[in-house]
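Encoded as structure tokens, the structure appears first; notes follow it.
Residue numbers start at 1 and run along the sequence shown. Below, all heavy atoms of this structure are taken into account, side chains as well, without hydrogens, waters or symmetry copies.
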Amino acid sequence: MTLKQEIVGNAMQMAVVNLRPGQTVYCEAGKFLFKTVNVTMETRLSGPSNGGGQQQSGSGGGMGGLLRQAMGTAMQVGQRMLAGESLAFQYFTAQGGEGTVGFAGVLPGEMRALELDGTRAWFAEKDAFVAAESTVDFGIAFAGGRTGMSGGEGFVLEKFTGHGTVIIAGAGNFIDLNPADFGGRIEVDTGCVVAFEEGIEYGVQRVGGLNRQGIMNAVFGGEGLSLATLEGNGRVILQSLTIESLANALRKAQGGDKQGPTGGLFSTHAG
């Protein structure tokens, strides 16, 4: 059953979730805002795909079952560590009646509720995940070594499977596109990709060739050497603000424009 939720606010949105008695929603640690007193909160290392951290009957039982469960949890935690994600999840369950829980992202921007019907997975940029009902599985996907090293944003992706509602967040405003409406392929700044459906092929390509115009694009265009490519027929969500551009704006406001005179390839970081 679909999670009953409402996304409210403008510049920095939040999701207000109404839970049925006994219904559970989980979030990445640090994205919880508030709850009613009849909603319990529990922090666990394991994701819902591992039974929410509880012992599962029929998984072998005894020490062997506990060992397999512990190893599964350790693998989940290891993947999230490698991806730079939160190590733990917080689980919220309504007891004795309906309950309410509020969540938010970490950057000024929009939120979106995605409905999974079990036929297509969704992939999202790192840190996009906010919350989901317990019937949605959270995992880590890798776009491939060469793609990740070239694209930065795209190497590590969050993957959502199962049935139910998952809530994601990004920076700035969102736009929904389908590459099929634009000849089957679009090219975007690697930092602008928020999420896309399974069936969309994600890649990274160099901005132009190693010629005069390619060097001009990389040095003065602000995009660096690479663009993300999205191909196929499916839903794509992009954001209008990248974390890098926000960080550059904040550094400039603090009295030092660290973008450098040429931007892009020769951007520097605050020392």
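A side-chain donor-acceptor contact under 3.5 Å links Gln13 to the backbone of Met111. Using a distance-only test at 3.5 Å, with no hydrogens or angles considered, no donor-acceptor pair links the side chain of Asn173 to the main chain of Glu110. Judged purely by atom type and a 3.5 angstrom limit, Glu158 uses its side chain to pair as donor or acceptor with the backbone of Phe129. Formation of a donor-acceptor pair under 3.5 Å by the Thr242 side chain with backbone atoms of Gly191 is not found in this model. Remark: the backbone N or O of Cys192 is not paired with any side-chain donor or acceptor of Glu125 at under 3.5 angstrom. Under a 3.5 Å cut-off, the side chain of Thr36 and the backbone N or O of Gly99 do not form any donor-acceptor pair. Side-chain atoms of Asn178 come within 3.5 Å of backbone atoms of Gly234 as a donor-acceptor pair (strictly under, hydrogens ignored). Using modelled atom types, no side-chain atom of Glu231 and backbone atom of Glu201 make a donor-acceptor pair closer than 3.5 Å. Side-chain N or O atoms of Lys4 include none that pairs as donor or acceptor with a backbone N or O of Arg20 at under 3.5 Å.
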Checking side chain to side chain contact (heavy atoms under 4.5 Å, CB included) for the pair Ile237/Trp122: CA distance, chi angles, key distance, verdict? CA-CA 11 Å; Ile237 302 175; Trp122 270 88; 4.2 Å; yes
Start with the C-alpha distance between Glu98 and Asn18, add both sets of side-chain angles, then the distance that settles side chain to side chain contact (heavy atoms under 4.5 Å, CB included), and finish with yes or no. CA-CA 7 Å; Glu98 293 187 351; Asn18 295 313; 5.6 Å; no
Worked check of side chain to side chain contact (heavy atoms under 4.5 Å, CB included) between Thr100 and Val16: CA-CA 7 Å; Thr100 301; Val16 179; 3.6 Å; yes
One pair to check against side chain to side chain contact (heavy atoms under 4.5 Å, CB included): Thr93 and Leu19. What are the steps and the verdict? CA-CA 7 Å; Thr93 304; Leu19 297 174; 6.0 Å; no
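Residues Leu230 and Leu238 are in side-chain contact: their nearest non-hydrogen atoms beyond the backbone lie under 4.5 Å apart. Residues Val106 and Asp127 have side chains not in contact (no heavy-atom distance under 4.5 Å, counting atoms from C-beta outward). Put simply, the side chain of Phe196 reaches to within 4.5 Å of the side chain of Leu157, judged on heavy atoms. Looking at heavy atoms from C-beta onward, Leu116 lies in side-chain contact with Phe160 at the 4.5 angstrom threshold.
Within a 6.0 Å radius of CG in Asp181, other residues, nucleotides and ligands contribute more than 12 heavy atoms. Within 6.0 Å of the NZ atom in Lys159, the count of heavy atoms belonging to other residues, nucleotides or ligands does not exceed 12. Environment of CD in Gln95: crowded, with over 12 heavy atoms of neighbouring residues, nucleotides or ligands closer than 6.0 Å.
Minimum interatomic distance between Val136 and Gly164 (heavy atoms only, all atoms of both residues): CG2-C, 3.7 Å.
One finds the CG atom of Asp137 at 11.0 Å from the NE2 atom of His163 (value rounded to the nearest 0.5 Å). Rounding to the nearest 0.5 Å places CZ of Phe89 at 11.5 Å from OG1 of Thr43.
For Phe32 and Phe92, the ring centers sit closer than 6.0 Å to each other. Checked against a 6.0 Å centroid threshold, the rings of Tyr202 and Phe123 do not count as neighbours.
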